[in-house]
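The structure is given below, and queries will be raised subsequently.
The figures here come from the full heavy-atom set of this structure, side chains too, leaving out hydrogens, waters and symmetry mates. Quantities reported herein were computed from a predicted structural model and do not represent experimental measurements.
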Amino acid sequence: LKAKINIHEEMNELLLSTVYLLDNDDQELRKDILNKWENNALLLSKENENSVNQDMVNDLTTLSKSLGITINFHHLDDIKELDIRKLFITVGKETLLNIAKHTSDKKLIIDVVRKENHYVMTFANEEGNKNKNIVYGSGLTNIKRHVTQLNGKMTIINDDNFIVKLEV
């Protein structure tokens, strides 16, 4: 089941990125997307469950470029724990995909601060939900599941900005 979820998430990223590329002539970006398609084909053929890229910033930056979204890192403490790094990457990807699918916003703001015995991570975009209804579709449900597995807390703030705040 975990492999199936990972494959679904990767395919979702690739499809959205490919749609964006249809209107973009950036050859370097096209090369990145073709590499992602190749890696995803390998993932499918090998049924590899652990496909998380350990380079937190590079992984998210590649996806953000392919979607035409800029990431601003206001503060980024290093995360040494593998399970929390995986969570950061998962939430960053999901947030980028949600921005691409549900808003016209082109910027994601990320903060990661190490407190005494936990991390506080915020993922924010400037375009809040106008009707103030928060829909727990597959994206937010997926994030909440990952946070709960780490005994963390997830808070959604939806006013002028849309913010996913995690404490793990």
Given I79 and M121, is the side chain to side chain contact (heavy atoms under 4.5 Å, CB included) satisfied, shown in steps?
CA-CA 11 Å; I79 301 172; M121 300 180 212; 4.1 Å; yes
Ignoring hydrogens, what is the shortest heavy-atom contact between L108 and I69? Give both atom names and the distance.
N-CG2, 4.0 Å
Say whether, by atom type as modelled, one donor and one acceptor occur between the side chain of H75 and the main chain of V112 under 3.5 angstrom.
yes
Is the count of non-hydrogen atoms from other residues, nucleotides or ligands lying under 6.0 Å from K106 atom NZ greater than 12?
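Yes - once you tally the heavy atoms of other residues, nucleotides and ligands closer than 6.0 Å, there are more than 12.
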Any idea which heavy atoms bring V147 and M154 closest together, and the distance?
CG1-N, 4.1 Å
Evaluate the side chain to side chain contact (heavy atoms under 4.5 Å, CB included) criterion for residues T122 and I110: first the C-alpha distance (whole Å), next the side-chain angles of each, then the deciding distance (0.1 Å), finally the verdict.
CA-CA 6 Å; T122 58; I110 298 177; over 6 Å; no
CG on L150 to NE2 on H118, rounded to 0.5 Å
13.5 Å
Group every Ile, Leu, Val, Met, Phe, Trp and Tyr by side-chain heavy-atom contacts under 4.5 Å, then state whether L87 and F73 land in the same group.
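They do share one cluster, since a chain of ILVMFWY contacts under 4.5 Å joins L87 to F73.
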Please report the closest heavy-atom contact between L96 and L60, naming both atoms and the distance.
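Between these two residues, the closest heavy atoms are CD1-O, 3.7 Å.
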Which atom pair, heavy atoms only, marks the closest approach of G152 to V168?
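Closest pair (atom of G152, atom of V168, distance): CA-CG1, 3.6 Å.
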Following the transitive rule for hydrophobic clusters with a side-chain heavy-atom cut-off under 4.5 Å over Ile, Leu, Val, Met, Phe, Trp and Tyr, establish whether I163 and V91 coincide in one cluster.
no
Establish whether I84 and V113 are linked, either directly or via other cluster members, by ILVMFWY side-chain heavy-atom contacts under 4.5 Å.
no
How long is the span from the NE2 atom in H146 to the OG1 atom in T141, to the nearest 0.5 Å?
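The distance works out to 11.0 Å.
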Would D78 and K80 count as a salt bridge (Lys or Arg N to Asp or Glu O under 4.0 Å) here? Give the steps.
CA-CA 6 Å; D78 186 35; K80 299 192 184 327; 3.0 Å; yes
So among Y119, F123, F88, which one has a side-chain contact (heavy atoms from CB on, under 4.5 Å) with L166?
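Exactly one option meets the side-chain contact (heavy atoms from CB on, under 4.5 Å) with L166, and it is F123.
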Could K107 and D105 be called an ion pair, given the rule that one side-chain N must be under 4.0 Å from one carboxylate O?
no
Find the distance between CZ (R145) and CG (L140) and round it off to the nearest 0.5 Å.
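Those atoms lie 13.0 Å apart.
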Nearest-0.5 Å distance, CD1 of residue I143 to NZ of residue K93:
13.0 Å
Under-4.0 Å salt bridge between D77 and K115:
no
Drop me the distance from T95's OG1 to I109's CD1, to the nearest 0.5 angstrom.
12.0 Å
CD of E81 to CZ of R114, rounded to nearest 0.5 Å, is 5.0 Å
Given side chain to side chain contact (heavy atoms under 4.5 Å, CB included), test D83 with K86 step by step and report yes or no.
CA-CA 5 Å; D83 52 351; K86 287 180 181 181; 5.6 Å; no
Would the number of heavy atoms belonging to other residues, nucleotides or ligands and lying under 6.0 Å from NZ of K101 be above 12?
yes
